[in-house]
J.: 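What follows is a single structure, and I will ask about it in a moment.
From a predicted model like this one, the values you see are computed outputs, not experimental measurements.
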Amino acid sequence: MSNNLPDEIWQNLELLPFCVLLYDANQDIFKLNSQAQDLFSLKNQSHFCKTDFSQITLTNHHSKKKLLAEDLFFNYFTANNQCQFILSKQASKLLLNVKFAKLPNSNSIIIIDILNNNVDEQYDFDNIVSNISTDLIDIQNDDVDKHIHYALKAVGTVCNADRSYLFKFAEDGKTINNTHEWVNNGIPAFKDELQNILKSDLPYFFSSMTRTHLFRVNDVTLLPIQAISEKNIFQRQKIKSVLCIGLRYDKELVGFIGCDCVIQKRDWTDLDLIRLRLVGEMLANAFKNLNYKQELQQTQQQLINANHKLNKQVNTDGLTNIANRRCFDQTLKCEIKRSARNKEPISLIMCDIDFFKRYNDNYGHQLGDEVLKQVAKALHRICKREGDLAARFGGEEFAIILPAVDTDHCQRFAVLIQEKIAELAIEHNFSTVSKYLTLSIGFYTFIPNHKTKPKEVITNADIALYNAKETGRNKIASF
């Protein structure tokens, strides 16, 4: 193999739909594709040197340690060739997934995927779950306390709690002990006081925990009279809200993990519940299977799948169960860049249900929602190619992205849409164009370049949709 490996493969590497950085140790130069140059706000040039990265700082998403971007190539990655970093850029923070690999002839490559343009607690929790589950796979008896404390701190932080803790039952099953506790800054700890507590002193709590393995209270002051013992303890500790999940071994309740709020009340969300339950299940399995790593790895995979499900929800419209506006915006941006690189056409279709307000007003919002679901399902079904995307753009408006589709094929696709909507035969006696539900459709087909912006593409498709509606509705118009 020649010594000019980067020159031979760079033309292919720079076309990858990610940020790509290549380092040639022989020449001590870096190469970046257009996405990487945009990410780091660097001017377009054939290669770069270390000084070009001197002002670019990344923060490890887990350890919070900072490093220069160039350092990623020099002894940063060891056992784990993948890590997540935060890049502060103007008013936003980007969450980056960074992968590293060595290539022949003293070359190395880094691929960066932008996970989110605004780092929020959802992505932070994804990272936390990954770290907790990784820690617990290799957990040993001598470092179990360290990993439990990290897990409690992590779940307490993402659930906006002031305290998080772990309780375990004594061997006699009659008393409980607070074995581990994390408290936020300025919050008093109660671990030492919460030892050898009789289950009989907390009858309401344990009745709920035994029946449902859950104790969820948004406002302690609203506890019923049967919970007077629990209420007194909570108020003595100045607890305003509390959430606890039972820990089980082979269906037997052996303890619980919980969070509480002292500063202000919290209306616990279903996401809080899922997060606490995920961490609780990880801890319970770690206790049970310290010597059975294979079983714990299976649990880790289940947790990763659960997180993928949560991530999918971020990109899915809650009513219609197709892609939402966020997913549409990200996909359109990526497809414009890809089509520009490949010099291929791309089509954007905008659809609007004709006289949908009249339908809602006369048939009711419940039937209106059902109509939105049926239309969304029909649009999703005809997007059969990989890369095609049907999304709910907003209200009764839908959008379809069709990569590598020219004007003629887009026209045929639009006709197919109207045929499929007609097959639904949804009665609409308050429409002036048909006794059945119809769509007005506008589309825009174009070959993008590096200057093409998603906003102008959407505007042009919207203009076509406007023309379709102005010329009588139930029409197809192109820009």
J.: If you draw a 6.0 Å radius around OH in Y466, do more than 12 non-hydrogen atoms from other residues or ligands fall strictly inside?
T.: no
J.: Could you tell me whether a side-chain N or O of T452 sits under 3.5 Å from a main-chain N or O of N449, the two making a donor and an acceptor?
T.: yes
J.: I'd like to know if K453 and E456 make a salt bridge, using a cut-off of under 4.0 Å between side-chain N and carboxylate O.
T.: no
J.: Minimum heavy-atom separation for L152 and S164, please, with both atom names.
T.: O-OG, 2.6 Å
J.: Suppose we screen for salt bridge (Lys or Arg N to Asp or Glu O under 4.0 Å). Which residues come up paired with D192, at least two apart in sequence or across chains?
T.: none
J.: Suppose we screen for ring pair (Phe, Tyr, Trp, His ring centres under 6.0 Å). Which residues come up paired with F328, at least two apart in sequence or across chains?
T.: F393
J.: Check I111 against F18 and note the closest heavy-atom contact, atom names and distance.
T.: CG2-CB, 3.6 Å
J.: Are T269 and L273 close enough that some pair of their side-chain heavy atoms sits under 4.5 Å apart?
T.: no
J.: May I ask you to say whether R266 pairs ionically with D272, meaning some side-chain N is under 4.0 Å from a carboxylate O?
T.: yes
J.: Is there a side-chain contact between I322 and F398 (heavy atoms, below 4.5 Å)?
T.: yes
J.: Do you know which of V155, I274, I245 makes side chain to side chain contact (heavy atoms under 4.5 Å, CB included) with V279?
T.: V155
J.: Taking the side chain as every heavy atom from C-beta outward, state whether P345 and F446 have any atom pair closer than 4.5 Å.
T.: no
J.: Do the side chains of I349 and I417 get nearer than 4.5 Å, heavy atoms only?
T.: yes
J.: In chain order, what residues pass the ring pair (Phe, Tyr, Trp, His ring centres under 6.0 Å) check against F413, with sequence neighbours excluded?
T.: none
J.: Under 3.5 Å, is there a donor-acceptor pair between the side chain of W10 and the main chain of K31?
T.: no
J.: According to salt bridge (Lys or Arg N to Asp or Glu O under 4.0 Å), who are the partners of D462, at least two apart in sequence or on a separate chain?
T.: none
J.: Using a 4.5 Å cut-off on heavy atoms from C-beta on, say whether the side chain of M209 contacts that of L253.
T.: yes
J.: Tell me, please, which residues at least two apart from S34 pass side-chain hydrogen bond (donor to acceptor under 3.5 Å, both in side chains).
T.: none
J.: Spell out, as yes or no, whether a donor-acceptor pair under 3.5 Å connects the side chain of D329 to the backbone of L332.
T.: no
J.: Is there a salt bridge (charged side-chain N to carboxylate O under 4.0 Å, His left out) between R216 and D270 once you walk through the steps?
T.: CA-CA 11 Å; R216 180 177 181 174; D270 289 340; 3.3 Å; yes
J.: Is it true that a side-chain atom of Q45 and a backbone atom of H47 form a donor plus acceptor pair closer than 3.5 Å?
T.: yes
J.: Considering all heavy atoms of both residues, which atom of L42 and which atom of D52 are nearest to each other, and what is their separation?
T.: CD2-O, 3.6 Å
J.: Taking ring pair (Phe, Tyr, Trp, His ring centres under 6.0 Å) as the definition, give me every residue that meets it alongside F53, ordered by chain and number, with sequence neighbours left out.
T.: F30
J.: Please check: side-chain N/O of N342 versus main-chain N/O of S339, any donor-acceptor pairing under 3.5 Å?
T.: no
J.: Donor-acceptor pair, distance only, cut-off 3.5 Å: does the side chain of S241 make one with the backbone of K265?
T.: no
J.: Please walk me through it: do L32 and V20 pass side chain to side chain contact (heavy atoms under 4.5 Å, CB included)?
T.: CA-CA 6 Å; L32 282 70; V20 180; over 6 Å; no
J.: Is there side-chain contact between I346 and P448, with at least one heavy-atom pair below 4.5 Å?
T.: yes
J.: Between T59 and K66, is the side-chain hydrogen bond (donor to acceptor under 3.5 Å, both in side chains) condition met? List the steps.
T.: CA-CA 4 Å; T59 303; K66 296 183 182 296; 3.1 Å; yes
J.: Could you tell me whether a side-chain N or O of N324 sits under 3.5 Å from a main-chain N or O of G318, the two making a donor and an acceptor?
T.: no
J.: I'd like to know whether Q35 forms a side-chain hydrogen bond (donor to acceptor under 3.5 Å, both in side chains) with D38, so could you lay out the CA-CA distance, the side-chain angles of the two residues, the decisive distance to 0.1 Å, and finally the verdict.
T.: CA-CA 5 Å; Q35 290 98 319; D38 290 343; over 6 Å; no
J.: Do I421 and V375 come within less than 4.5 Å of each other through their side chains, counting heavy atoms only?
T.: yes
J.: Could I get the full list of ring pair (Phe, Tyr, Trp, His ring centres under 6.0 Å) partners for F256, not counting sequence neighbours?
T.: F167, F205
J.: Look only at the side chain of D162 and the backbone of I263, and say whether a donor-acceptor pair between them is shorter than 3.5 Å.
T.: yes
J.: State which residues pass side-chain hydrogen bond (donor to acceptor under 3.5 Å, both in side chains) with D260; sequence neighbours excluded, sorted by chain then number.
T.: R163, Y165
J.: For the pair F48 and I29, evaluate side chain to side chain contact (heavy atoms under 4.5 Å, CB included) and give the outcome as yes or no after the intermediate values.
T.: CA-CA 6 Å; F48 299 84; I29 62 171; over 6 Å; no
J.: Nearest 0.5 angstrom please: I257 CD1 to L166 CG, how far?
T.: 6.5 Å
J.: Step by step, work out the side chain to side chain contact (heavy atoms under 4.5 Å, CB included) result for H213 and R248.
T.: CA-CA 9 Å; H213 307 115; R248 292 172 290 171; 3.5 Å; yes
J.: Going by side-chain hydrogen bond (donor to acceptor under 3.5 Å, both in side chains), name the pairs with one or both residues in residues 397-409, residues two or more places apart or in two chains.
T.: D406-H409
J.: With a 4.5 Å limit on heavy-atom distance, are the side chains of F190 and N178 in contact?
T.: no
J.: Verify, without hydrogens or angle tests, whether N184 (side chain) and I187 (backbone) share a donor-acceptor contact under 3.5 angstrom.
T.: no
J.: How close do S347 and V405 get, counting heavy atoms only, and between which atoms?
T.: OG-O, 2.7 Å
J.: On a heavy-atom basis, which atom in L465 and which in S440 lie closest, and how many Å separate them?
T.: CD1-O, 3.2 Å
J.: Is the count of non-hydrogen atoms from other residues, nucleotides or ligands lying under 6.0 Å from N218 atom CG greater than 12?
T.: yes
J.: Output every pair passing salt bridge (charged side-chain N to carboxylate O under 4.0 Å, His left out) with a member in residues 377-387, not counting sequence neighbours, ordered by first then second residue.
T.: R385-D388
J.: For T320, which residues count as a side-chain hydrogen bond (donor to acceptor under 3.5 Å, both in side chains) partner, sequence neighbours excluded?
T.: D317
J.: One pair to check against side chain to side chain contact (heavy atoms under 4.5 Å, CB included): F85 and L67. What are the steps and the verdict?
T.: CA-CA 10 Å; F85 295 90; L67 75 158; 3.5 Å; yes
J.: Going by side chain to side chain contact (heavy atoms under 4.5 Å, CB included), C19 matches just one of V98, I112, I110. Which one?
T.: I112
J.: Is it the case that the side chain of R338 and the backbone of P17 share a donor-acceptor pair, with hydrogens and angles ignored and the cut-off at 3.5 Å?
T.: no
J.: Could you list the residues that satisfy side-chain hydrogen bond (donor to acceptor under 3.5 Å, both in side chains) with D352, not counting sequence neighbours?
T.: none
